[in-house]
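Atoms within a ligand are numbered from 1 in the order they appear, just like the ligands themselves. It should be emphasised that the depicted structure is a prediction, and the values quoted were computed from it without experimental measurement.
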Amino acid sequence: MATRFESKTAVVSGAGGALGASVAQSFAAEGVKSLILADLNPAALEALANSLPSDITVTTEALDVTNGDQFDALIADTVERFGTVDTLVNTAGIVSPNARIHNLSTTDWERAFSVNLTGTFHGIRAVARALRKKSPVSIVNIASVSGLTAWAYAAPYCASKAGVIHLTRVAALEYAKEGLRVNAVCPGTFPSALHEGLPQEALDSIEAKHPLGFGTPTDITGAVLYLASDESSWVTGQSIVVDGGYSLP
Ligand SMILES: NC(=O)c1ccc[n+]([C@@H]2O[C@H](COP(=O)([O-])OP(=O)(O)OC[C@H]3O[C@@H](n4cnc5c(N)ncnc54)[C@H](O)[C@@H]3O)[C@@H](O)[C@H]2O)c1
């Protein structure tokens, strides 16, 4: 069994969702010592926690990533309890309404930014406040291939994910000499609750643009765990694309 995370403490935001849960299960499969699962949805966290091996210390925490004070408290409490945070995976995210720009409200725009970009900023900031110059941390942000390629009818989502990719670079530069690495993963499409309500024809047309077809969360976790682990110790500020070939044309 791989044990890259033996003796490590990992925090996963958005752990109640499809990718967050898969990341948590992968950390568990690789022997993580302590796992802090955070999300807006406590029921999903409980179900996930109950599915994990009993030899791991699992903590579930209510967290709204748009609230910077909550994120600061989560990281500070984790450091107090476990000594450090070895890795934070910022997975929480939402999509924006399927609409062209002239039909979007300012609230639609701001909501996507507050969860996807400001939420990621809050996670990075909380770790930097608690651990820079004290303890090495690998932060992994979940962006999207839509932050690199343009998707019509999804301006707030695309623009906020492009922001995550650039925030990743700036944070990596700012904290490289203070022990923090910051990287991102840009997934292509894997069906999840994010796609609820999309008509089948829309899903089929998205799938047709992925040369390898739709992915699954476990197609993404390998890149996430590589970046979270010491194997990537000389990698920072990068965004790894895992998209079934979506971005090739
Ligand atoms: N599914 C895809 O095709 C796809 C593709 C590219 C990128 N992504 C990104 O992957 C990440 C996970 O997506 P998923 O497909 O697992 O979606 P999901 O909806 O299954 O999971 C998202 C999770 O984020 C949580 N969340 C939402 N707002 C939150 C907030 N304010 N505070 C805390 N938690 C909050 C939700 O409760 C949910 O559990 C997202 O950042 C998404 O943008 C997904």
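- Proximity of Ala18 to ligand 1, defined as any heavy-atom pair under 4.0 Å, is shared by backbone and side chain alike.
- With rounding to the nearest 0.5 Å, the separation of CD1 in Ile206 from CD in Glu201 is 11.5 Å.
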**OP:** Decide side-chain hydrogen bond (donor to acceptor under 3.5 Å, both in side chains) for Ser233 and Asp230; before the verdict, give the C-alpha distance in whole Å, the side-chain angles of both, and the deciding distance to 0.1 Å.
**Re:** CA-CA 5 Å; Ser233 59; Asp230 295 340; over 6 Å; no
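- Between Tyr246 and Trp151, the ring-plane angle classifies as parallel under the 30° and 60° cut-offs.
- Other residues, nucleotides and ligands contribute over 12 non-hydrogen atoms within 6.0 Å of the CG atom of Leu198.
- Here the protein heavy atom with the shortest distance to atom 32 (N) of ligand 1 is Val65 N, 3.0 Å.
- Residue pairs meeting the side chain to side chain donor-acceptor pair (under 3.5 Å) criterion with at least one partner in residues 92-101, sequence neighbours excluded, do not occur; the list is empty.
- Taking only nitrogen or oxygen atoms, main chain and side chain alike, Val145 does not reach within less than 3.5 Å of ligand 1.
- Of all the atoms in ligand 1, the ones that sit under 4.0 Å from a non-hydrogen atom of Thr189 are 3 (O).
- Distances between N or O atoms of Phe190 and those of ligand 1 include at least one value under 3.5 Å.
- Of the inter-residue distances, the one linking Phe71 atom CZ with Asp64 atom CG reads 10.5 Å to the nearest 0.5 angstrom.
- Remark: minimum distance from atom 35 (C) of ligand 1 to any protein heavy atom is reached at Ala92 CB, 3.7 Å.
- If you number the atoms of ligand 1 from 1 as listed, the ones under 4.0 Å from a heavy atom of Val115 come out as 28 (N), 31 (N).
- Considering both main-chain and side-chain atoms, Thr91 comes within under 3.5 Å of ligand 1 through a nitrogen or oxygen pair.
- Under the 4.0 angstrom criterion for non-hydrogen atoms, Pro191 is not in contact with ligand 1.
- Of the N or O atoms in Arg111, none lie within a sub-3.5 Å distance of an N or O in ligand 1.
- A distance of 9.5 Å separates OG1 in Thr218 from CD in Gln25, rounded to the nearest 0.5 Å.
- The protein heavy atom nearest to atom 5 (C) of ligand 1 is Gly188 O, 3.2 Å.
- Close contacts between ligand 1 and Leu19 involve ligand atoms 10 (O), 12 (C), 16 (O) [criterion: under 4.0 Å to a heavy atom].
- By the 3.5 Å distance cut-off applied to N or O atoms, Ser192 is counted among the residues near ligand 1.
- Which of Phe71, Tyr157, Phe214 comes nearest to atom 43 (O) of ligand 1 through a heavy atom is settled by distance: it is Tyr157.
- Atom-to-atom distance recorded for Phe113:CZ and Thr66:OG1 is 15.0 Å, nearest 0.5 angstrom.
- Nearest protein heavy-atom neighbour of atom 19 (O) of ligand 1: Leu194 CD2, 3.6 Å.
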**OP:** Could you check Ile139 against Asn141 for side chain to side chain contact (heavy atoms under 4.5 Å, CB included), going step by step and ending with a plain yes or no?
**Re:** CA-CA 7 Å; Ile139 300 172; Asn141 300 322; 3.6 Å; yes
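- A distance of 10.5 Å separates CG of Leu212 from CD of Glu207, quoted to the nearest 0.5 Å.
- One option in Asp39, Leu40, Asn41 has a heavy atom closer to atom 37 (O) of ligand 1 than any other, and that option is Asp39.
- The closest approach between any non-hydrogen atom of Ala143 and ligand 1 is below 4.0 Å.
- A salt bridge is absent between Glu6 and Lys33; no separation between the charged side-chain nitrogens and carboxylate oxygens falls under 4.0 Å.
- The residue from Gly16, Gly147, Gly93 that puts a heavy atom closest to atom 22 (C) of ligand 1 is Gly93.
- Inclusion of Gly17 in the set of residues having an N or O under 3.5 Å from an N or O of ligand 1 is warranted.
- Nearest to atom 6 (C) of ligand 1 among the protein's heavy atoms is Pro187 O, 3.3 Å.
- For ligand 1, the atoms lying closer than 4.0 Å to a non-hydrogen atom of Asp64 are 30 (C), 31 (N), 32 (N).
- The shortest side-chain heavy-atom distance between Leu173 and Val170 does not fall under the 4.5 Å cut-off.
- Residue contact check: His195 has heavy atoms under 4.0 Å from atoms 1 (N), 2 (C), 3 (O) of ligand 1.
- From Leu74, atom CG reaches atom CG of Asn67 across 11.5 Å, with rounding to the nearest 0.5 Å.
- For atom 9 (C) of ligand 1, the closest non-hydrogen atom on the protein side is Ile142 CG2, 3.6 Å.
- Listed by number with element, the atoms of ligand 1 under 4.0 angstrom from any heavy atom of Lys161 are 40 (C), 41 (O), 42 (C), 43 (O).
- Looking at Arg129 and Asp72, a side-chain N of the basic residue comes within less than 4.0 Å of a carboxylate O on the acidic one, giving a salt bridge.
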Subject >> Candidate pair Tyr175 and Val137, rule side chain to side chain contact (heavy atoms under 4.5 Å, CB included), full reasoning >> reply: CA-CA 10 Å; Tyr175 297 114; Val137 188; over 6 Å; no
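- Distance from atom 33 (C) of ligand 1 to its nearest protein heavy atom, with residue and atom name: Leu63 O, 3.0 Å.
- Contacts between Val95 and ligand 1 below 4.0 angstrom, taking non-hydrogen atoms only, are absent altogether.
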